Number of protein chains: 2
Amino acid sequence: MTLGTPPTLDDVAREARVSRSTASRAINGGERVSPEAQAAVDDAVARLGYTPNRAARSLVTRRTDSIALVMPEPDTLMLTDPFLAGVLRGVTDGIAGTDLQLVLLLNRLDEAPGRIARYLGSGHVDGAIIASAHERHQLEDALTRTRLPAVFVGRPFGDVSGHHFVDVDNIAGSRLATQRLVDRGCRRIGTVTGPQDMSAGIDRLRGWRETLEAAGLPTDAVVTGDFTAVGGADAAARLLDAHPDLDGVFAASDLMAEGVLRVLHSRGKRVPDDVALVGFDDLGIAQHTNPRLTTVHNPVVATTMAATATLLGLLAGAPVPTEPQIFAPYLVEGESA
Amino acid sequence: MTLGTPPTLDDVAREARVSRSTASRAINGGERVSPEAQAAVDDAVARLGYTPNRAARSLVTRRTDSIALVMPEPDTLMLTDPFLAGVLRGVTDGIAGTDLQLVLLLNRLDEAPGRIARYLGSGHVDGAIIASAHERHQLEDALTRTRLPAVFVGRPFGDVSGHHFVDVDNIAGSRLATQRLVDRGCRRIGTVTGPQDMSAGIDRLRGWRETLEAAGLPTDAVVTGDFTAVGGADAAARLLDAHPDLDGVFAASDLMAEGVLRVLHSRGKRVPDDVALVGFDDLGIAQHTNPRLTTVHNPVVATTMAATATLLGLLAGAPVPTEPQIFAPYLVEGESA
DNA sequence: CTGTTAGCGCGTTCAA
DNA sequence: TTGAACGCGCTAACAG
């Protein structure tokens with residue numbers, strides 16, 4: 001058996017003793033093919049190990065059968081980003097069973113904003129999942145312009161109308177976290193918040209503020225972090241310097257909470273007795289801190305799977321409404337608050 | 001401007017007042033085109049925003065201009081896998097500047113071994129980076145059979161001949177780690193080793209054993225982990241149950257070392273005074289444990305970039321020898337040993 | 001239900 | 001140096 005070039009549809013047709021178009025129909029869905037023909041083709045396909053040539057098919061169907069996943073590039077310092085891994089899982093789980101190809105586009109933080117947008121607009125993919133919601137990337141506008149089917153994981157920045165997105169209810173989540181601190185008796189509650197050019201960062205700050213205002217507590221102890229452990233530690237140091245009397249902290253991500261925890265330890269503060277701490281995400285690291293972190297569960301995998309399902313619907317031509325799908329977070333008991 | 005369908009090469013040619021083949025040549029490398037024609041085509045391309053149709057090009061060049069990255073699926077329990085993030089970075093950095101598409105293939109642990117192999121063999125990609133070196137995946141044979149250019153990150157399992165791979169010197173690394181324990185006076189040294197169906201797991205165990213044998217110390221305190229924190233904790237518990245007198249532990253990954261650390265703490269062992277601990281990987285988590293982990297640096301990003309460079313060479317038709325590129329690890333000082 | 005026919009957009013001979 | 005003609009492998013009309 002000479003396997004110089006892969007078998008083509010012609011080979012299959014010849015082998016099955018039918019015409020090429022019959023073979024094609026049998027392979028794609030089997031509409032209007034007799035059982036015998038179908039069987040013969042199936043047989044030939046198996047015998048030859050035939051796989052349709054994607055390029056040829058793509059050329060005529062005008063679809064590429066591939067979707068892009070746009071993600072922020074993993075951080076240089078802290079390679080470990082559980083969110084990234086969760087998104088990856090959600091998307092791959094979401095397209096399992098389809099024959100969609102997943103093309104990965106890592107959005108570098110420092111690069112010219114046009115590259116990704118240009119790529120998405122150039123017809124190389126049928127749709128996109130965007131999990132890179134930094135304001136500066138400006139993918140939103142580019143996407144509306146090219147009309148590429150796309151679903152955001154996390155509320156896109158700026159004008160939401162016309163965009164599909166799924167998200168966890170970050171405001172509700174940060175309320176849960178902050179309320180927990182209030183309920184356990186904390187009266188001086190600070191927050192290490194996320195980047196304010198990401199909707200998650202903004203919303204998690206807002207939930208904290210609203211909860212404290214409702215409780216009649218001050219809302220001045222705020223420092224901005226970057227969702228990483230190192231950034232969280234830096235922020236915590238600044239926070240404690242400015243407000244030594246803190247008895248509670250809400251960290252807008254578990255990674256940052258980890259950093260906060262280290263700083264608290266190094267300053268001799270007991271957790272939760274001196275300072276109580278609540279994080280956000282519950283993507284595997286909360287159980288591994290000491291003490292175990294009380295946190296808010298963020299269903300990233302489910303969220304991303306939903307986004308993928310929505311995208312598949314769009315690709316199938318379904319008239320999917322742009323109502324966002326918002327997932328509910330919930331508090332996860334730990335020992336830190 | 002009606003942008004119903006994207007501009008084609010014909011449009012460019014018309015706009016530039018040249019024939020289609022001249023336009024084609026001007027776009028691909030500019031061989032045998034007059035400066036005027038070249039300029040006219042460049043201009044037309046810019047004006048029209050032309051992007052070559054990948055499918056059409058692929059059909060005639062018989063290349064797909066995309067490569068696959070095969071990785072193990074991130075673990076369900078511990079989403080955080082720094083190795084994964086490092087590999088991702090290395091590959092994307094490695095193809096930056098080329099117009100190669102990166103197709104992501106996540107290798108599920110429980111799935112039929114044929115899926116990935118079939119995909120790789122079906123001509124959908126021009127080459128592959130394989131960072132999923134579990135024995136059971138059996139990609140090695142499939143790859144030799146299909147003759148798809150491929151480079152492994154981490155020594156492939158089984159017969160290495162004919163395969164390209166890059167790796168860190170895991171044996172040397174684990175020797176460094178173990179020797180450190182010996183040098184600081186440990187006499188009863190155990191190891192939590194990695195999966196024994198991965199070359200990294202095997203090699204890191206071997207370096208530990210050889211070092212102890214050379215030092216005349218016993219090599220019976222071995223338990224197998226799975227490179228995760230939870231697995232490391234389980235393994236550590238078993239290890240300490242069987243060998244309560246341990247005064248040193250080499251964990252074959254930092255994630256596992258983290259688990260070991262927790263178990264040691266919970267059993268009231270001081271680190272490093274009662275039990276010294278050395279990890280492996282240094283991918284961001286070693287600095288964040290308490291005490292900071294002494295570990296062995298594993299240059300994953302560099303390794304993966306080298307693999308990608310090799311693959312690019314293969315794709316360019318260069319006669320790349322299959323001599324492996326082995327990177328040297330080095331010890332990173334921490335407080336745990 | 002089946003086979004014949006006509007492109008999809010592009011790179012590449014081959015003549016001019 | 002240029003352009004005309006061909007075919008890559010496939011799907012979708014259309015006619016039978």
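Predicted, not measured: the structure shown is a model, and the values here were computed from it. Throughout, a chain's letter reflects where its sequence line sits, starting with A, and its residues are numbered from 1.
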Check the distance between [N]'s [atom2] and [X]'s [atom1] and give it to me in whole angstrom.
{"X": "A/Arg57", "N": "D/dC10", "atom1": "CZ", "atom2": "P", "answer": "8 Å"}
{"X": "A/Arg25", "N": "C/dT4", "atom1": "CZ", "atom2": "P", "answer": "11 Å"}
{"X": "B/Asp65", "N": "D/dC8", "atom1": "CG", "atom2": "P", "answer": "20 Å"}
{"X": "A/Arg62", "N": "C/dC8", "atom1": "CZ", "atom2": "P", "answer": "8 Å"}
{"X": "A/Asp11", "N": "D/dC10", "atom1": "CG", "atom2": "C1'", "answer": "13 Å"}
{"X": "A/Asp10", "N": "C/dG3", "atom1": "CG", "atom2": "P", "answer": "13 Å"}
{"X": "A/Leu59", "N": "C/dC10", "atom1": "CG", "atom2": "C1'", "answer": "8 Å"}
{"X": "B/Gln38", "N": "D/dT1", "atom1": "CD", "atom2": "C1'", "answer": "13 Å"}

Reckon [X] has a side-chain N or O less than 4.0 Å from the OP1 or OP2 of [N]?
{"X": "A/Ser34", "N": "C/dC1", "answer": "no"}
{"X": "B/Asn28", "N": "C/dG11", "answer": "yes"}
{"X": "A/Thr22", "N": "C/dG3", "answer": "yes"}

Main-chain N/O of [Y] paired to [X] side chain as donor or acceptor, under 3.5 Å:
{"X": "A/Ser199", "Y": "A/Arg155", "result": "yes"}
{"X": "A/Thr22", "Y": "A/Val18", "result": "no"}
{"X": "B/Asp126", "Y": "B/Thr64", "result": "yes"}
{"X": "A/Thr304", "Y": "A/Val300", "result": "yes"}

When all nucleic acid strands are considered with a 4.0 Å heavy-atom cut-off, which category describes [X]: base, sugar-phosphate, or nothing?
{"X": "B/Thr8", "value": "sugar-phosphate"}
{"X": "A/Ala55", "value": "nothing"}
{"X": "A/Leu9", "value": "base"}

5' precedence on DNA chain D between B/Ala37 and A/Ala56 (nearest-nucleotide basis):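 The residue whose closest nucleotide sits nearer the 5' end is B/Ala37.
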Need to verify one output field. Residue with the more 5' nearest nucleotide on DNA chain C, A/Arg20 or B/Thr61?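 Its nearest nucleotide lies further toward 5', so the answer is A/Arg20.
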Would you check if B/Leu100 and B/Leu315 make a side-chain contact, meaning some heavy-atom pair closer than 4.5 Å?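 Yes; the side chains approach each other to less than 4.5 Å.
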